[in-house]
Amino acid sequence: MALGSDMYRQQILDHYKNPRNYGELEDPTFSHVGENPLCGDEIRMDVRLGEDEETIERVAFSGDGCAISQASASLLSVELEGKTVDELLAMDRDDIVDMLGVDISPMRIKCAVLAEKVAQDGAEIYRGELEAEKTTTED
Amino acid sequence: MSQQNADALDVERIRGEFPILEREFEGQRLVYLDNAATTQTPEVVVEAMSDYYRETNANVHRGIHQLSQEASICYEEAHDRVAEFVGASGGREELIFTKNTTESENLLAYAWGLRELGPGDEVVLTEMEHHASLVTWQQIAERTGATCRYIRITDDGRLDEEHARECITDETAIVSVVHVSNTLGTVNPVADLAALAHDHDALIFVDGAQAVPNRPVDVEAIDADFYAFSGHKMAGPTGIGCLYGKKHLLEDLDPFLYGGGMIRKVTFEESTWGDLPWKFEPGTPPIAEAVGLHAAVDYLEGIGMDRIREHEESLAAYAYERLDAEGDVDLYGPEPGPDRSGLVGFNLESVHAHDLASIMNDHAVAIRAGDHCTQPLHDRLGVAASARASFYIYNTREEVDALVEAIDSARQLFA
């Protein structure tokens, strides 16, 4: 059995130690929070859309938790800028694993997908397609 | 130390009885420090169970045939042996086999709590309860209108005894307390709490999941009314746990689960219940697991529970000392001593507990990280999660050193 030794490669550690887009937006189009009870990770994602109400213009995240969840949020915040809401909603677990560029052990995948799930739930709530107060990866 | 050396466990011999400890991951020998979650299983236990399946397997209590009689005797004798192990002089009548400690807790809460609790009654717990008891009593209290109170812990991770005396009053119906905290390692003064509960005509239930595996436990010396523990944390198999109860209290209780094997007489209109402990063990019980637990109890007693406690305490003290010397490791629970068990909860300041556990895994060091089923306690400690190293009879000081080395590499990675 292989150990998860590659999980903490430079990119993840870099984004954990120097998170991009960390903070809150003053004028988000939508904003949502979620948690991963397994690690106690908490993430808030703020998203501002352009005038077309489709293109993601700015993303910010805040919260705290393990390196995997925080690095994933930082990477996602960079990745999402310029994408459309439809493209965000089309993302899945494999896209996150590709984005992170490392194998995530099965026990930690919930940490990795938290930010994506929070952003997606936020978008669906904004579109009136979902009612939820808080996202949790224990669904 | 000299006495310890004279009585020290022959760890090398013991390790030879646990083949799983020979496993290697990418060339690194397994360092198993997650014993508070589950202990490994010695050959004698595995053999007892496989011999049972090879030679004796049958259902219990109802067969006339020879195999069923033999299986029934094995199963019944396991009750007596485990009862004896924890000092229950009533034997099988005071020792119910369940699935695990959690089911033992639920059995009591449903069978006794639903019937006896009502508005104005108080259930007194502690801030260091496992979810097994905390959630169970919380839900039964909500259904019955009773109230839960929580005895505070002090900043050094001990029960606040003054607050215990404030919480346990004539309104208290039952005190439910963990014997050894699975997160802090605190050994609680359960006999004192039992006396306090009884002074107020309250009952006391003790969660002994982290105590029975590693120290001599005498339920009668504690004067516990009910006491629960699990097989898989004491070198036994999964799938079996125990609930001890004083005979007159168990006799008075109605069953929790219904079915075959627990009845005396059934008509289309009504049923009457069988004798203790069978009225609490409906359906086909964990027979092979009972055989395994019997073997585990024999095995542990062969080593000696006092020596097991000393071995664990000495490893925990060494781990505490080494981690404390690191300077950036926060340690939870009391300092090493008689009221501290063989587990060490901690956090490395710069690394989240789950990242730490993942990096430890890269070094083949198995520890626990998370909330350890004590979320309210973690809220009280002000952390989302913690790491935990827990020791057993086969662990060594060298493995503590491996733990510290793995922590060093995590620190360097995140520096």
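Below, each value reflects all heavy atoms present in this structure, side chains not excepted, and no hydrogens, waters or symmetry copies.
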Least distance between heavy atoms, B:His354 atom then A:Tyr8 atom: O-OH, 4.2 Å
Exceeds 12 heavy-atom contacts within 6.0 angstrom, atom CE of A:Met99: yes
Heavy atoms of other groups near B:Glu47 CD, more than 12 under 6.0 Å: yes
Exceeds 12 heavy-atom contacts within 6.0 angstrom, atom CD of A:Glu131: no
Ring pair (Phe, Tyr, Trp, His ring centres under 6.0 Å) partners for B:His378, two or more places apart: B:His372
Residues of residues 65-84 of chain A within contact distance of chain B, non-hydrogen under 4.5 Å: A:Gly65, A:Cys66, A:Ala67, A:Ile68
Option that, when pairs with chain A are counted at under 4.5 Å, heavy atom only, ranks first among B:Ile359, B:Asp371, B:Val351, B:Leu356: B:Ile359
A:Glu51, CD: over 12 other non-hydrogen atoms inside 6.0 angstrom: no
A:Arg108 and B:Asp355: CA distance, side-chain angles, deciding distance, side chain to side chain contact (heavy atoms under 4.5 Å, CB included) verdict: CA-CA 9 Å; A:Arg108 305 298 303 279; B:Asp355 295 322; 3.0 Å; yes
Neighbour count above 12 (heavy atom, 6.0 Å) for A:Arg127 CZ: yes
Distance-minimising heavy-atom pair for A:Leu13 and B:Leu413: CD1-O, 3.5 Å
Heavy-atom neighbours of B:Arg368 CZ exceed 12 at 6.0 Å: no
Portion of B:Ala357 that has a non-hydrogen atom of chain A nearer than 4.5 angstrom: neither
Proximal component of A:Asp41, with respect to chain B [non-hydrogen, under 4.5 Å]: side chain
Flag if over 12 foreign heavy atoms under 6.0 Å of CD, A:Glu129: yes
